[in-house]
Amino acid sequence: MGIVTQYATADLIGRIAYEGHDPGDDPAWKTTGAPSQSLYARWCRHMCGMACLRMVLLHQKGYSLNLFSLLAGARHYGAYVRTGTDIKGLFYAPFVDYVEQTHGVPAAVHGHLDLDGLLALLDTGHMVMASVSKEIRRPEADPERKGGHLVLAIGHQDGKIHFRNPSGHTPESLTAALSPDRFAAFFGGRGISLDPRRSVRRRAAPATAVRPVASRPSA
């Protein structure tokens, strides 16, 4: 399974995360579908969920809308709320509504998800957008806090959880695998499961609604 990053240029992620590079200063920003460079700069730190969704759609269907088209749909359902310069989201429940009703992918919110539950979902063929610390890209050190960033767990085998990290700063952290115990050091105990093996009937979009937030911007 391929990797989709939340930033237009994967080679810049290390500089963005650890050297203070302005994420909006990306020569490839247009590839995300952003209508302007300023809007790309405003939103790119919040796009881990859209990158995870794009990976699932590419895996299931072989094609997908670009990141900012997915973002527009998610915002219509209330999965993100912007007030001035403040962006809140990803809100899990309206995001699940968006995924099912627009893209036809079965999805579910798991507000309390332990490691055994995560492994069980992976065993049944689900993929899981798992809330983890953004520092999971440097797994040798324990993080200060768990959760706040989304990665896509795609399976487990040979004693490791395999996942794709939209803000990985090296090839090994983009397409990663960790032991369950090490993954648990970063896991926030919540997430969204998606079942790319099946599809559900699409329905008309509801009015936009605001729901409790479940993740934060990540670098």
Side-chain angles (χ1 to χ4, degrees), residues 1-14 16-17 23 28 31-32 44-68 70-71 74 90 92 95-96 99 103 105-108 110 113 115 118-119 121-140 143 146-180 182-188 190-197 214-219:
M1 183 176 182
I3 178 70
V4 174
T5 60
Q6 67 189 87
Y7 299 102
T9 302
D11 289 346
L12 290 177
I13 294 175
I16 292 168
T31 63
T32 65
C44 60
R45 291 186 184 274
H46 301 262
M47 298 287 274
C48 52
M50 297 303 98
C52 288
L53 174 59
R54 190 161 194 263
M55 285 187 272
V56 172
L57 294 175
L58 288 170
H59 174 77
Q60 183 196 53
K61 305 174 187 296
Y63 61 89
S64 172
L65 298 172
N66 59 45
L67 287 175
F68 270 77
L70 294 175
L71 174 66
L90 181 76
Y92 285 13
F95 175 76
V96 163
V99 170
H103 300 287
V105 179
H110 301 272
L113 183 63
L115 193 63
L118 172 64
L119 294 174
L121 285 167
L122 298 176
D123 276 338
T124 56
H126 291 78
M127 296 182 182
V128 180
M129 292 170 53
S131 179
V132 300
S133 165
K134 62 185 179 181
E135 283 304 308
I136 199 169
R137 61 183 163 228
R138 299 195 296 186
E140 65 277 1
K146 298 183 178 184
H149 172 60
L150 292 167
V151 299
L152 183 66
I154 61 172
H156 75 95
Q157 62 183 26
D158 301 326
K160 290 186 176 181
I161 296 173
H162 293 256
F163 62 96
R164 302 292 185 261
N165 184 356
S167 71
H169 67 309
T170 64
E172 296 77 16
S173 62
L174 286 166
T175 302
L178 292 176
S179 69
R182 199 69 207 127
F183 189 91
F186 301 86
F187 182 40
R190 56 189 177 274
I192 300 165
S193 65
L194 303 100
D195 189 350
R197 304 162 305 166
S215 63
R216 297 177 172 83
S218 56

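In what follows, residues are counted from 1 in the order of the sequence shown.
Of all heavy-atom pairs spanning C52 and V151, the tightest one is SG-C, 3.7 Å. The minimum heavy-atom distance between R137 and A17, with the atom names listed, is NH2-CB, 3.2 Å. Residues L194 and P196 share a closest heavy-atom pair of O-CD, 3.3 Å. The minimum heavy-atom distance between I154 and L122, with the atom names listed, is C-CD2, 4.0 Å. Shortest non-hydrogen contact noted between P166 and C48 is CG-O, 3.7 Å. Looking at every heavy atom in both residues, I13 comes nearest to G168 through CD1-O, 3.4 Å.
Proximity of F95 to I192: side-chain heavy atoms (C-beta onward) are separated by under 4.5 Å at one or more points. By the 4.5 Å heavy-atom criterion applied to side chains, H110 and Y92 are not counted as neighbours. Residues I161 and L115 meet the side-chain proximity criterion, which asks for heavy atoms closer than 4.5 Å. You'll find the side chain of Q60 stays beyond 4.5 Å of the side chain of H103, heavy atoms only. Between P23 and R45 the shortest side-chain heavy-atom distance falls below 4.5 Å. Residues V56 and V99 fail the side-chain proximity criterion, which asks for heavy atoms closer than 4.5 Å. Side-chain contact between H149 and N165 is present, with heavy atoms from C-beta onward closer than 4.5 Å. Annotation: side chain of L67 is in contact with side chain of V4 (closest heavy-atom distance under 4.5 Å).
One finds the CG atom of L178 at 10.5 Å from the OG atom of S173 (value rounded to the nearest 0.5 Å). Atoms CG and CE, on L57 and M50 in that order, are 10.0 Å from each other to the nearest 0.5 Å. A distance of 4.5 Å separates CE in M47 from CG in L71, rounded to the nearest 0.5 Å. With rounding to the nearest 0.5 Å, the separation of NE2 in H156 from CG in D123 is 3.5 Å. Residue S167 holds its OG atom at 5.0 Å from CD of Q6, rounded to the nearest 0.5 Å. With rounding to the nearest 0.5 Å, the separation of CG in L12 from OH in Y7 is 10.5 Å.
Side chain of K146 to backbone of A184: a donor-acceptor contact under 3.5 angstrom is found. A donor-acceptor distance shorter than 3.5 angstrom exists from the side chain of R197 to the backbone of T124, with no hydrogens or angles considered. Checking side-chain atoms of R182 against main-chain N and O of P139 turns up a donor-acceptor pair under 3.5 Å. For the pair R190 (side chain) and S131 (backbone), a donor-acceptor distance under 3.5 Å is absent. The backbone N or O of L65 lies less than 3.5 Å from a partner atom in the side chain of R54, making a donor-acceptor pair. Remark: side-chain polar atoms of S193 are not paired, donor with acceptor, to backbone N or O of A107 under 3.5 angstrom. Listed for the R164 side chain is a donor-acceptor partner under 3.5 Å among the backbone atoms of M1.
Enclosure of atom CG in D11 is not indicated, since only 12 or fewer non-hydrogen atoms of other residues, nucleotides or ligands lie within 6.0 angstrom. Annotation: H162, atom NE2; neighbour count of heavy atoms from other residues, nucleotides and ligands within 6.0 Å is above 12.
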Next item on the list: Walk me through it: do L118 and F183 pass the test side chain to side chain contact (heavy atoms under 4.5 Å, CB included)?
Entry: CA-CA 11 Å; L118 172 64; F183 189 91; 3.6 Å; yes

Next item on the list: Please report the C-alpha distance between F163 and V132 in whole Å, then the side-chain angles of each, then the deciding distance to 0.1 Å, and finally whether the side chain to side chain contact (heavy atoms under 4.5 Å, CB included) criterion is met.
Entry: CA-CA 11 Å; F163 62 96; V132 300; over 6 Å; no

